[in-house]
Visitor: 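Below are the structure tokens for one structure; questions will follow.
Counting starts at 1 for both ligands and their atoms, following the listed order.
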Amino acid sequence: HQAKEKGLRHVMFNPAQTPDQARRLTIASELRRAIDGGDLRLYLQPKVDMVTGRVCGSEGLVRWQHATRGLIYPGEFIDLAESTGLIKPLTEWVIEAALSLNRGWAREGRALPIAVNLSARNLHDDELLTKIRQLHKALDVAPGLLEVELTESTVMEDAGFALQVLHDLRDDGIPLYIDDFGTGYSSLRYLQKLPVDYIKIDQSFVRHMSTHKDAALIVRSTIDLIHDLGRKAVAEGIETQQDWDQLALLGCDMAQGYLIAKPMPAEEFPAWVERFRPPETSGGPPS
Ligand code: C2E
Ligand code: MG
Ligand code: MG
Ligand code: MG
């Protein structure tokens with residue numbers, strides 16, 4: 001009886017054996033196999049230049065095509081990938097997929113930049129830059145067609161270190177985005193130092209812009225701030241024509257959101273670009 005109790009204690013106090021941990025380990029090994037076995041998919045969501053109305057690129061968003069559970073979204077496995085070290089092979093897969101797409105598109109004269117998302121862990125991987133260079137070379141893709149997005153909080157987590165990595169990426173000709181801007185907190189002085197080309201205003205502000213005055217005010221002053229810093233403003237999460245009209249009036253440079261398109265399997269993207277007609281701005285279509 002005592003031994004059984006001891007055993008129970010052992011089970012309870014060994015974290016590796018709690019059901020939660022066991023489940024995480026199972027999913028982690030499944031994810032490992034998914035990365036190696038070709039079960040990741042790259043979805044693309046277009047970005048549109050609000051002045052010309054043209055598609056100016058896309059964001060690459062990873063999904064896991066699971067044999068029994070169907071399509072799994074990154075919200076369910078990126079954290080796990082980060083805590084298990086799988087984020088490294090996952091990110092390398094995403095970067096290679098993005099560059100491979102542009103290798104094919106460039107041959108048809110329709111190359112367009114694809115932005116990939118990096119995690120904090122990726123910044124501390126000193127092989128990342130070498131890998132990116134190798135892939136550009138091996139796949140013969142022009143610089144500028146791979147772009148990088150980093151969230152404001154990732155960059156702020158280790159500000160001094162991140163700044164160095166951003167400079168290294170930028171020196172290699174990689175356009176940079178600050179993602180989810182407005183949710184972390186950056187000092188203006190630091191923001192000014194970041195070698196980034198674009199700042200993406202977080203969806204939470206954009207989504208409430210047409211119904212909440214304070215959200216609209218934040219979006220307006222954020223766009224002004226971004227322009228004062230000499231950067232381009234990107235709004236993500238644009239879902240309605242009203243959002244588009246308001247953002248166009250505020251001088252937002254680029255738009256991304258369900259109004260334009262939901263993320264789609266990469267192979268559908270070129271045909272989608274062919275068919276695309278920009279939303280008309282209330283003052284008439286862009287000339
Ligand atoms: P994110 O980088 O901020 O990407 C935008 C997310 O918002 C995407 O969700 C996209 O589908 C969604 N979205 C875009 N427009 C709209 C809209 O109009 N309305 C609504 N409701 N949602 C919209 P997704 O694909 O589920 O990705 C979620 C997050 O997962 C991303 O946020 C990014 O932080 C992370 N993620 C995705 N792919 C990768 C990856 O390859 N590596 C890393 N490290 N993180 C990734
Ligand atoms: Mg992003
Ligand atoms: Mg975002
Ligand atoms: Mg986000």
Visitor: Kindly confirm or rule out an N or O of Y73 lying under 3.5 angstrom from an N or O of ligand 1.
Guide: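 Min N/O separation from ligand 1 is not below 3.5 Å for Y73.
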Visitor: With a sphere of 6.0 Å drawn around CZ of R110, does it hold more than 12 non-hydrogen atoms of other residues, nucleotides or ligands?
Guide: yes
Visitor: Which atom, among the N/O/S set of E59, is closest to the Mg ion (ligand 2)?
Guide: OE2
Visitor: For ligand 1, which atoms sit closer than 4.0 Å to a heavy atom of V62?
Guide: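 What qualifies from ligand 1 is 38 (N), 39 (C), 40 (C), 41 (O).
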Visitor: Do other residues, nucleotides or ligands put more than 12 heavy atoms under 6.0 Å from R220 CZ?
Guide: no
Visitor: Using heavy atoms and a threshold below 4.0 Å, how should the contact between T151 and ligand 1 be classified: side chain, backbone, both, or neither?
Guide: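 The answer is neither; T151 stays 4.0 Å or more away.
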Visitor: K262 near ligand 1, heavy-atom distance under 4.0 Å?
Guide: no
Visitor: Which residue from G60, P74, A261, G257 reaches closest to atom 35 (C) of ligand 1 through any of its heavy atoms?
Guide: P74
Visitor: On the 0 to 90° scale, with breaks at 30° and 60°, tag the F269-W272 ring pair as parallel, tilted or perpendicular.
Guide: parallel
Visitor: Applying side chain to side chain donor-acceptor pair (under 3.5 Å) to E59 and N117, what does each step give before you reach the verdict?
Guide: CA-CA 8 Å; E59 175 171 15; N117 292 280; 2.8 Å; yes
Visitor: Among the N/O/S atoms of E236, which is closest to the Mg ion (ligand 3)? Give the atom name.
Guide: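 Answer by atom name: OE2.
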Visitor: Which atoms from ligand 1 have a heavy atom of S119 less than 4.0 Å away?
Guide: 44 (N)
Visitor: Under 3.5 Å between any N/O of Q45 and any N/O of ligand 1: does that happen in this structure?
Guide: yes
Visitor: Are any N, O or S atoms from D180 nearer to the Mg ion (ligand 3) than 2.8 Å?
Guide: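 Here the distance criterion (N, O or S atom, under 2.8 Å) is met by D180, so yes.
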Visitor: Strictly under 2.8 Å, is the Mg ion (ligand 2) approached by any N, O or S atom of N117?
Guide: yes
Visitor: Do we get K193 above Y190's six-membered ring, with its NZ or CZ under 6.0 Å from the centre and within 45° of the axis?
Guide: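 Judged by the rule (NZ or CZ under 6.0 Å from the ring centre, within 45° of its axis), K193 is not positioned above Y190.
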Visitor: Using a 4.0 Å heavy-atom cut-off, say whether N117 meets ligand 1 through its side chain, its backbone, both or neither.
Guide: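 Both parts.
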Visitor: Is ligand 1 less than 4.0 angstrom away from at least one heavy atom of G237?
Guide: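 Flag set, G237 near ligand 1.
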Visitor: Is any NZ, NE, NH1 or NH2 atom of the basic residue among K200 and E236 found under 4.0 Å from an Asp or Glu carboxylate oxygen of the other?
Guide: yes
Visitor: So, S204 versus D202: side-chain donor-acceptor pair below 3.5 Å or not?
Guide: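 Side-chain D/A pair, S204 to D202: present.
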Visitor: Salt bridge between E76 and R63, side-chain N to carboxylate O under 4.0 Å?
Guide: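 Salt bridge between E76 and R63, a charged N being under 4.0 Å from a carboxylate O: no.
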Visitor: Just checking Q65: does its CD atom have more than 12 heavy atoms from other residues, nucleotides or ligands closer to it than 6.0 angstrom?
Guide: yes
Visitor: Does L128 belong to the same Ile/Leu/Val/Met/Phe/Trp/Tyr cluster as Y177, with side-chain heavy atoms less than 4.5 Å apart forming each link?
Guide: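 No, because L128 and Y177 fall into different hydrophobic clusters, even though each may have its own neighbours under 4.5 Å.
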Visitor: Could you list the atoms of ligand 1 found under 4.0 angstrom from a heavy atom of P263?
Guide: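 Here the atoms of ligand 1 in question are 11 (O).
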Visitor: For ligand 1, which atoms sit closer than 4.0 Å to a heavy atom of E236?
Guide: 3 (O), 5 (C)
Visitor: Could you give me the CA-CA distance, side-chain angles and deciding distance for E149 and K47, then say whether salt bridge (charged side-chain N to carboxylate O under 4.0 Å, His left out) is met?
Guide: CA-CA 13 Å; E149 296 193 4; K47 291 175 183 166; 3.0 Å; yes
Visitor: Taking heavy atoms and a distance under 4.0 Å, where does D179 meet ligand 1: side chain, backbone, both or neither?
Guide: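 It is the side chain that gets close, since no backbone atom is under 4.0 Å.
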Visitor: Assess D179: does it contribute an N, O or S atom lying under 2.8 Å from the Mg ion (ligand 3)?
Guide: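 Of the N, O and S atoms in D179, at least one lies under 2.8 Å from the Mg ion (ligand 3), which means yes.
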Visitor: Select one of side chain, backbone, both or neither to describe which atoms of V94 lie under 4.0 Å from any atom of ligand 1, heavy atoms only.
Guide: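 Under 4.0 Å from ligand 1, V94 contributes side-chain atoms alone.
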Visitor: Report the part of R207 in contact with ligand 1, treating N, CA, C, O as backbone and CB onward as side chain, heavy atoms under 4.0 Å; options are side chain, backbone, both, neither.
Guide: side chain
Visitor: In the single-linkage hydrophobic clustering (I, L, V, M, F, W, Y; side-chain heavy atoms under 4.5 Å), do L31 and L61 co-cluster?
Guide: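 No, no single cluster joins them.
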Visitor: Counting heavy atoms only, which of E239, K200, Q256 comes nearest to atom 19 (N) of ligand 1?
Guide: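 Residue with the shortest heavy-atom distance to the ligand atom: E239.
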Visitor: Between the Mg ion (ligand 2) and E149, which N, O or S atom of the residue is the nearest one?
Guide: OE1
Visitor: Aromatic contact between W64 and Y73, with the criterion being ring centroids under 6.0 Å apart: yes or no?
Guide: no
Visitor: Looking just at side-chain N and O atoms, do T91 and N122 make a donor-acceptor pair shorter than 3.5 Å?
Guide: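 The answer is yes; a qualifying pair exists.
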Visitor: Determine, considering heavy atoms only, which of Y177, F77, W93, Y258 sits nearest to atom 16 (C) of ligand 1.
Guide: Y258
Visitor: Between E59 and ligand 1, is there a nitrogen or oxygen pair with a distance under 3.5 Å?
Guide: yes
